[in-house]
Novice: 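For reference, the structure I am asking about is given below.
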Amino acid sequence: MEVIKASDYNVEFGEKGYNSLNELISRKSYSKLFILVDENTFENCYPKFIPNLESDISIEVIEIDAGEEFKNLETCIAVWDTITELGGDRKSLLLTLGGGVITDLGGFVASCFKRGIDFVNIPTTLLAMVDASVGGKTGVDLGVLKNQIGVFANPELVIIDSKYLSTLDQRDFTSGLAEVMKYALTFDKSLLSAVTNIHEANLDEIIHKSIVIKNNVVLQDPKEGHLRKVLNFGHTLGHAVESFYLDSADKASLTHGEAIAIGMICESYLSHKVLGFSIEAVSEIKKNILSVFDKISLDPSDYSAILSLLKHDKKNVSGKTNYVLLQDFERFKIDCQVDEQLLSESFEYYNQ
Ligand code: GLY
């Protein structure tokens, strides 16, 4: 797969990526390599990663608990304490080996430690490969509010190696497909049929196409002044659903992708109501998404609690919640406002 050039770093695939990592370590004479993992990636991915490292740099592995509930400042403090105790300095390199929690939190930890040390992302989930590890967003949650604390900071390098995906269970793998579907609806409809017929032979190509789309957006608008907001399609309602389920003790939590799948169906419906996107197209989207994601039944008595979480959305400006809506496939409008009563109607449409 061809190298993808981001603003000041590369996204490289497989062996080429590891060669670049080895070259980076020797060129920059790092004092120490910290590898951030969780218990799953330490067990399943670290043994696959370590033979690729050709360097006698001193290595320290830092393990955190797996799961979104640990993506918070307490975990960051624990990691900063550990790096400090292990003699980390400004010439240390942090390598993140894991899913979106590890790459987001690790990038944030690195960019704040001693005002910033270098980091390299090695995403091990599909979601982190096609989204979280690329584009320079780092951060953690604040309570149930996702990614509320964070900074923009670019890694030195991102390495994509789809061999790590074989370590995922089906549900975690599928979670990443929601982001690919987002790119399909907003930029390249051909990805929709690719996702619904995904197999080993087209996997790298799907990942590559997705990253190229994201990278093109980020190159034009790195700090989300306008165009980058398109990457939030499905995420306004999706994040509210995700936060609600995360915080409901009596409900099993949803994966990020499962929540965004709901968000994309609802926001496609809003696109019909607000921008006249054809209802046949919305129905095609719903059918495609539900061929990949199981339907979750949203309880009407939960609608208002879900919608109340919208007021914390990071994308709100002057108290207004903004949506990305579709005029057609591959044609979108940013910063749309929606009447509140349509939001519950969109949940009803999803539930039908
Ligand atoms: N995940 C959306 C973005 O990176 O902007």
Side-chain angles (χ1 to χ4, degrees), residues 4-9 11 68 71 96 98-108 111 119 121 123-142 145-155 158 160 172 175-188 191 195 206-243 254-264 267 312-317 321-326 332-335:
I4 300 171
K5 292 207 171 295
S7 52
D8 52 1
Y9 64 97
V11 180
E68 183 77 27
K71 186 181 172 184
T96 67
V101 172
I102 292 284
T103 60
D104 279 9
L105 182 144
F108 179 66
S111 27
F119 65 102
N121 288 335
T124 59
T125 64
L126 183 61
L127 180 90
M129 289 180 191
V130 298
D131 189 15
S133 67
V134 177
K137 281 188 180 175
T138 73
V140 293
D141 302 339
L142 187 66
L145 304 178
K146 287 182 56 67
N147 304 323
Q148 203 75 354
I149 308 296
V151 296
F152 286 100
N154 284 330
V158 177
I160 304 292
D172 284 329
S175 178
L177 295 178
E179 301 296 343
V180 181
M181 288 178 144
K182 173 189 80 182
Y183 301 131
L185 300 181
T186 49
F187 285 99
D188 180 358
L191 273 173
V195 167
I206 289 175
I207 295 171
H208 192 273
K209 273 191 176 176
S210 298
I211 298 174
V212 167
I213 291 172
K214 174 158 186 182
N215 187 48
N216 281 340
V217 170
V218 174
L219 283 175
Q220 291 174 67
D221 179 20
K223 296 240 171 124
E224 205 168 300
H226 189 67
L227 178 66
R228 187 167 180 168
K229 292 181 186 174
V230 66
L231 302 178
N232 297 320
F233 175 68
H235 285 60
T236 305
L237 290 177
H239 270 163
V241 170
E242 187 177 9
S243 295
L254 301 180
T255 63
H256 179 70
E258 286 163 351
I260 299 313
I262 296 172
M264 286 193 292
E267 292 181 18
H312 299 295
D313 194 287
K314 289 186 305 308
K315 301 174 287 298
N316 293 351
V317 178
T321 303
N322 291 317
Y323 295 81
V324 176
L325 298 181
L326 298 172
F332 50 83
K333 198 161 171 232
I334 285 164
D335 287 343

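Computed from heavy atoms alone, side chains included, the values below leave out hydrogens, waters and symmetry copies. All values derive from a computational prediction rather than experimental measurement. Whatever order the structure lists ligands and atoms in, that order sets their numbers, starting from 1.
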Novice: Distances under 3.5 Å, N/O of ligand 1 against N/O of the protein: list each pair and its distance.
Specialist:
unit_1   : atom_1 : unit_2 : atom_2 : d
ligand 1 : 1 (N)  : D131   : OD1    : 3.0
ligand 1 : 1 (N)  : D131   : OD2    : 3.1
ligand 1 : 4 (O)  : K214   : NZ     : 2.6
ligand 1 : 4 (O)  : R228   : NH2    : 2.8
ligand 1 : 5 (O)  : K137   : NZ     : 2.9
ligand 1 : 5 (O)  : R228   : NE     : 2.8
ligand 1 : 5 (O)  : R228   : NH2    : 3.3

Novice: Taking atom CG of L177 and atom CD of E258, what is their separation to the nearest 0.5 Å?
Specialist: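 Nearest 0.5 Å value for the CG-CD distance: 11.5 Å.
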Novice: Is there a donor-acceptor pair under 3.5 Å between the side chain of T96 and the backbone N or O of I102?
Specialist: no
Novice: Could you tell me whether E179 and K214 have a side-chain N and a carboxylate O separated by less than 4.0 Å?
Specialist: no
Novice: So do E242 and L254 actually touch side chain to side chain, heavy atoms under 4.5 Å?
Specialist: no
Novice: Nearest 0.5 Å, please: how far is CG in L185 from CD in E267?
Specialist: 11.0 Å
Novice: Test D104 against every option in K71, K137, K146 by the salt bridge (charged side-chain N to carboxylate O under 4.0 Å, His left out) rule and name the one that passes.
Specialist: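 For D104, the salt bridge (charged side-chain N to carboxylate O under 4.0 Å, His left out) check succeeds only for K71.
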